[in-house]
Asks: 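Once you've had a glance at the structure underneath, I'll fire off some questions.
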Amino acid sequence: MSEVRLRFPPSPTGYLHIGGARTAIFNWLFARKHGGKLILRIEDTDAERSTKESIEGIIDGLVWLGIDWDEGPYFQSEFASEHVAVARRLLEEGKAYRCFCTKEELDAKREAALKAKRDIKYDGTCRNLSKEEGDRLEASGRPNVIRFKVPERDGFIGYDDKVLGRIEKHYSEIEDFVIVRSNGRPLYLLCNVVDDIRDRITHVIRGQDHMTNTIRQLLLYEALDAPAPVFAHMPLTLDPKKRKISKRTHGEVVSVQFYREKGFLPWALVNFLVLLGWHTSDDREIFSKEELIEAFSLEGISKANSVFNFHPGDPKFFTDPKALSINAHYIRNIPIEELAGYVEKEFRAAGLWDDSYAGERRQWFLSTLDMIRTRFHTLKDFVGPGRAYFADDFPFDEKALRKNILKHDSLKELLPTLANELELLEEWTLESTEAAVRGFAERMGVKAGLIINGIRTAVTGQLKGAGIFDVMVAIGQERVVRRLKEVPSLYEAG
RNA sequence: GGUCCCAUCGUCUAGCGGUCUAGGACGUCGGCCUCUCACGCCGAAAACAGGGGUUCGAGUCCCCUUGGGACCGCCA
């Protein structure tokens, strides 16, 4: 049994978007599952639209996601001469022919066909041009493209799609497609097949938008006397209005980078993306890398397109709620040391990092992260709602300020008074702080909740958070006292 | 318009002829917990597009209709 070999062939015309990432993930999983190889091949044949930034962006995105490859990146443009040679061979063998029809003629015919409600198919005008006639036209300087000569056969050509099942098409319905431009540059259809043959690709996993290409490429494999790979066409990812997702119409919310910037854990994104159009027959939805590779199979890919359920402008869910929920799941469940690594990057970027978090205050740092992570959804929350644990200049949530502090005039004096008492505490523990706070509330004749919520907001700026005594211990006596003493200034500002 | 693909809760999906009064997850709503929120736990509302067949029996097989999508480039 020969080696399993797959490829991910992005065209570098933009950033890596979630559709492309999903394709990469599926190919990667299949390769890993079967001990095969994944080849990264940049399809930059269309030089005008390919950019260096895009290539870097794609590679950067794959690396971030943790999708590793075994060969490449290869660049399709480097094999241009091979593509040309193959086209020439096809021409010489009579499997392709020169077509001198002009673009204008073809456009006119296409329009006419559309009007007459006929299939928009090349009519084969140049198919039977004699060699002499062709040479004469070429010598006269008429530009020409090269078209593949679809065999004149009855019946169907087809293949067994690993997702869709048997797919067939009648030979007579396939047009003589162009394989080389008039400027001599071969087109995708040909290059792709030539490269796949050279790279010994055994399995092609790609989007269903390539289905019509597959039939034509099958013809190419046959003409080149090469075995065709196994094909599996994945369902497409649609937007909530059921339109195909594209960089152009959907912008950043469909780019992989966007999720990095929004505080996603790379594996959480992978886990979410793989669930879009694939499943196991048990109810599992959370997979470690090893579990996912083990569980993955082509049979689990659905036939139907799936909707990426994001709603632009939604204040609560900036992307698919399920993606957010999976990210939150990982944030509160991965080993705390691993999480600390991600948070460190965020802190460094936000200017919140302190070297002691890796040194003498490591334990405090880890336990504090562990305490606050259960109510966080993205890495950004650690520098946002979690800021008060790591910096003195933290913002106050407006609603929290109103509800927990400003609404109660009494707190203006109560909290500073409490601060004076707390300052004298010789021990700063869960027990001592709780006793002090509850004792104080009792003596003052107010409900403990009033004081507790006031402390929460004064000390963290937040409406919600962990148990207040855990919070107080985490933030520390000195800072808690100071923040409580500053409460009166909050009334002035408001 | 032509060709092709698809069709279960709002979304992702389980279901491969009887165990389906259709299961799970996310989201939504209610409850428990409680100093708040979250986590966790418990519970609720929520779907087989429609019509014909086949069969003792259909969400599951076939056909039609409807709906959605892709492709129809000298882009990839």
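Within every chain, numbering begins at 1; the chains are lettered A, B, ... in the order of the sequence lines, protein sequences first and strands thereafter.
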Asks: Would you measure the distance from the P atom in rU8(B) across to the matching atom in rA47(B) and give it in whole Å?
Replies: 14 Å
Asks: Side chain of S11(A) only, heavy atoms from C-beta on: which candidate in rC6(B), rC35(B), rA76(B) is closest?
Replies: rA76(B)
Asks: Could you tell me which nucleotide pairs with rG1(B) by Watson-Crick or G-U wobble geometry, both distances under 3.5 Å, or answer none if nothing does?
Replies: rC72(B)
Asks: Which protein N or O atoms sit under 3.5 Å from an N or O of nucleotides 63-71 of chain B?
Replies:
from    : atom 1 : to      : atom 2 : distance (Å)
rG69(B) : O2'    : N305(A) : OD1    : 3.2
rC71(B) : OP1    : K244(A) : NZ     : 2.9
rC71(B) : O2'    : T212(A) : OG1    : 2.8

Asks: Closest approach to the side chain of I167(A), judged atom by atom: which nucleotide of rC5(B), rC74(B), rG40(B) is it?
Replies: rC5(B)
Asks: Heavy atoms only, 4.0 Å cut-off, all strands: where does A466(A) land among base, sugar-phosphate and nothing?
Replies: base
Asks: Could you tell me whether K316(A) and D314(A) have a side-chain N and a carboxylate O separated by less than 4.0 Å?
Replies: no
Asks: Would you mind classifying the nucleic acid contact of L187(A) as base, sugar-phosphate or nothing, using non-hydrogen atoms under 4.0 angstrom?
Replies: sugar-phosphate
Asks: Heavy atoms under 4.0 Å, any strand shown: does V307(A) hit a base, just sugar-phosphate, or nothing?
Replies: sugar-phosphate
Asks: Taking atom P of rU11(B) as reference, at what distance in whole Å does atom CZ of F272(A) sit?
Replies: 14 Å
Asks: Rounded to whole angstroms, how far apart are NE2 on H408(A) and P on rU36(B)?
Replies: 13 Å
Asks: In this structure, how many angstroms lie between the P atom of rC72(B) and the NE2 atom of H170(A), rounded?
Replies: 22 Å
Asks: How would nucleotides 18-28 of chain B be written as a contact map, 5' to 3', with B for base contact, S for sugar-phosphate-only contact and - for no contact, using protein heavy atoms under 4.0 Å?
Replies: ------BBSSS
Asks: Could you tell me whether the phosphate oxygens of rU13(B), OP1 or OP2, come under 4.0 Å of any side-chain nitrogen or oxygen in R284(A)?
Replies: no
Asks: Could you give the distance separating rC20(B) and rC48(B) at their C1' atoms, to the nearest angstrom?
Replies: 10 Å
Asks: With a 4.0 Å limit, can you tell me whether S306(A) has a side-chain N or O closer than that to the phosphate oxygens OP1/OP2 of rU13(B)?
Replies: yes
Asks: State the pairing partner of rU21(B); accept Watson-Crick or G-U wobble contacts with both distances under 3.5 Å, and report none otherwise.
Replies: none
Asks: Would R41(A) and E43(A) pass as an ion pair if we require N to O under 4.0 Å?
Replies: yes
Asks: Using the closest heavy atom to pick a nucleotide of RNA chain B for each, name whichever of R147(A) or E168(A) lands nearer the 5' end.
Replies: E168(A)
Asks: Figure out the NZ/C1' separation between K303(A) and rC16(B), and round it to whole Å.
Replies: 10 Å
Asks: With a 3.5 angstrom cut-off on both distances, give the Watson-Crick or G-U wobble partner of rG40(B), or none if there isn't one.
Replies: rC32(B)
Asks: Mapping S302(A) and L164(A) to their closest nucleotides on RNA chain B, which lands nearer the 5' end?
Replies: L164(A)
Asks: Applying a 4.0 Å non-hydrogen cut-off, can you work out what G467(A) is touching in the nucleic acid: base, sugar-phosphate, or nothing?
Replies: base
Asks: Could you give the distance separating rG23(B) and rC6(B) at their C1' atoms, to the nearest angstrom?
Replies: 23 Å
Asks: Does anything in residues 446-462 of chain A come within less than 4.0 Å of RNA chain B? Heavy atoms only, and list the residues if so.
Replies: I452(A), N453(A), R456(A)
Asks: Tell me the interatomic distance from R373(A), atom CZ, to rG40(B), atom P, rounded to whole angstroms.
Replies: 13 Å
Asks: Just name whichever nucleotide pairs with rC16(B), Watson-Crick or G-U, keeping both distances under 3.5 Å, else none.
Replies: none
Asks: Pairing check on rC61(B): which nucleotide meets the Watson-Crick or G-U wobble criteria with it, both distances under 3.5 Å?
Replies: rG53(B)
Asks: Which nucleotide in the list rC35(B), rG15(B), rA38(B) gets nearest to the side chain of R375(A)?
Replies: rA38(B)
Asks: Round to a whole Å and report the spacing from CD of E175(A) to P of rC4(B).
Replies: 15 Å
Asks: Just name whichever nucleotide pairs with rA45(B), Watson-Crick or G-U, keeping both distances under 3.5 Å, else none.
Replies: none
Asks: Starting the side chain at C-beta, find the nucleotide from rC74(B), rU3(B), rU11(B) nearest to R181(A).
Replies: rC74(B)
Asks: Taking the ring of W267(A) and the ring of Y259(A), is the distance between their centroids below 6.0 Å?
Replies: no
Asks: Would you mind classifying the nucleic acid contact of K169(A) as base, sugar-phosphate or nothing, using non-hydrogen atoms under 4.0 angstrom?
Replies: sugar-phosphate
Asks: Whole angstrom is fine here: how far is it from CD in E173(A) over to P in rG2(B)?
Replies: 12 Å
Asks: With a 3.5 Å limit on both atom pairs, tell me what rC26(B) is paired to, counting Watson-Crick and G-U wobble, or say none.
Replies: rG10(B)
Asks: Rounded to whole angstrom, note down the C1' distance from rG27(B) over to rU66(B).
Replies: 29 Å
Asks: Rounded to whole angstroms, how far apart are CG on N309(A) and P on rC9(B)?
Replies: 13 Å
